[in-house]
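Accompanying notes for the structure given below.
One is the number of the first residue; the rest follow in order along the sequence.
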Amino acid sequence: MRSMSGSSDTVIRSIEEDDIEACAAIFVKAYAEVYGETWSVQTAEARITHVVGAGRPHCLVIEGDGAEVMGFLLARPYPWYDGIRLWIEEIVIETRYRGIG
């Protein structure tokens, strides 16, 4: 999915292995700012890798100009009595991109 707004070209796509380090850095910063939690990059990478392993097709990144990861969504399916549902584990946006649409 592509969105053109002004001179900015953003892309939402499936997460790839190469994205995990950038997502972990965003995760560590956001959780410190929003929740006051102290995560290391290694524990954030482990968390992201775990969720991606369970739900890769439902894990996305948003990328801006120059292929910079601006944020990500991690979700995974789970069985329920009426079929399969999707649980959103994380939605994290880099600080400077929050609140701008």
Side-chain angles (χ1 to χ4, degrees):
M1 174 187 305
R2 288 195 178 270
S3 170
M4 295 294 287
S5 83
S7 64
S8 177
D9 186 15
T10 58
V11 176
I12 297 174
R13 61 172 173 76
S14 294
I15 196 168
E16 298 172 4
E17 192 71 29
D18 291 344
D19 299 318
I20 291 177
E21 185 177 342
C23 291
I26 294 168
F27 183 100
V28 168
K29 184 177 176 186
Y31 268 72
E33 292 172 349
V34 176
Y35 302 112
E37 294 181 6
T38 306
W39 286 74
S40 70
V41 172
Q42 294 79 18
T43 55
E45 285 178 356
R47 165 110 175 102
I48 293 166
T49 299
H50 175 77
V51 177
V52 168
R56 182 175 295 276
H58 310 288
C59 297
L60 308 170
V61 295
I62 184 168
E63 158 182 292
D65 293 334
E68 175 187 9
V69 174
M70 300 165 61
F72 61 95
L73 176 138
L74 302 179
R76 57 179 152 180
Y78 65 96
W80 201 248
Y81 77 94
D82 60 350
I84 301 297
R85 296 200 178 179
L86 189 66
W87 181 262
I88 296 175
E89 294 275 347
E90 305 287 350
I91 299 175
V92 186
I93 303 296
E94 171 67 49
T95 306
R96 67 182 177 271
Y97 299 114
R98 293 182 205 156
I100 60 172

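- Nearest heavy atom pair, residue P77 against residue I84, reads CB-CG2, 3.6 Å.
- Taking every heavy atom of both residues into account, A75 and I88 meet most closely at CB-CA, 4.0 Å.
- Tracing side-chain contacts under 4.5 Å through hydrophobic residues (I, L, V, M, F, W, Y), one reaches I12 starting from M70; they form part of the same cluster.
- Counting non-hydrogen atoms of other residues, nucleotides and ligands closer than 6.0 Å to CD of E68 gives a total above 12.
- Across every non-hydrogen atom of A24 and E45, the tightest pair is CB-CG, 3.4 Å.
- Atom CD in E94 sits 11.0 Å away from atom SG in C23 (nearest 0.5 Å).
- Scanning all heavy atoms of the two residues, the minimum distance from R98 to A30 falls at NH2-CB, 3.4 Å.
- Follow the hydrophobic side-chain contacts under 4.5 Å out from V11 and you never reach V92; the two are in separate clusters.
- V52 and I91 are assigned to two separate hydrophobic clusters, defined by single-linkage of ILVMFWY side chains at heavy-atom distances under 4.5 Å.
- The line from CG of L74 to CZ of R56 is 11.0 Å long, rounded to the nearest 0.5 Å.
- The backbone N or O of W39 lies less than 3.5 Å from no partner atom in the side chain of T43, so there is not a single donor-acceptor pair.
- In this structure, the side-chain hydrogen bond (donor to acceptor under 3.5 Å, both in side chains) partners of E89, at least two apart in sequence or on a different chain, are R47, R76.
- At a threshold of 4.5 Å between side-chain heavy atoms, the hydrophobic network of Ile, Leu, Val, Met, Phe, Trp and Tyr places W80 and L86 in two separate groups.
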- Item | I26 vs F72, side-chain contact (heavy atoms from CB on, under 4.5 Å): CA-CA, chis, key distance, verdict | CA-CA 9 Å; I26 294 168; F72 61 95; 4.3 Å; yes

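- From I20, atom CD1 reaches atom CZ of F27 across 12.5 Å, with rounding to the nearest 0.5 Å.
- Cluster annotation: V41 is connected to V61 through the hydrophobic network of ILVMFWY side chains, with a link wherever side-chain heavy atoms come within less than 4.5 Å.
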- Task: Before giving the answer on side-chain contact (heavy atoms from CB on, under 4.5 Å), spell out for V51 and E90 the whole-Å C-alpha distance, their side-chain angles and the decisive distance to 0.1 Å.
- Result: CA-CA 9 Å; V51 177; E90 305 287 350; 5.9 Å; no

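- Rounding to the nearest 0.5 angstrom, the gap separating the CD atom in E63 from the CG atom in D9 is 9.0 Å.
- Separation of atoms OH (Y31) and OG1 (T38) is listed at 13.5 Å; rounding is to 0.5 Å.
- Separation of atoms CD1 (I93) and CD1 (I62) is listed at 6.0 Å; rounding is to 0.5 Å.
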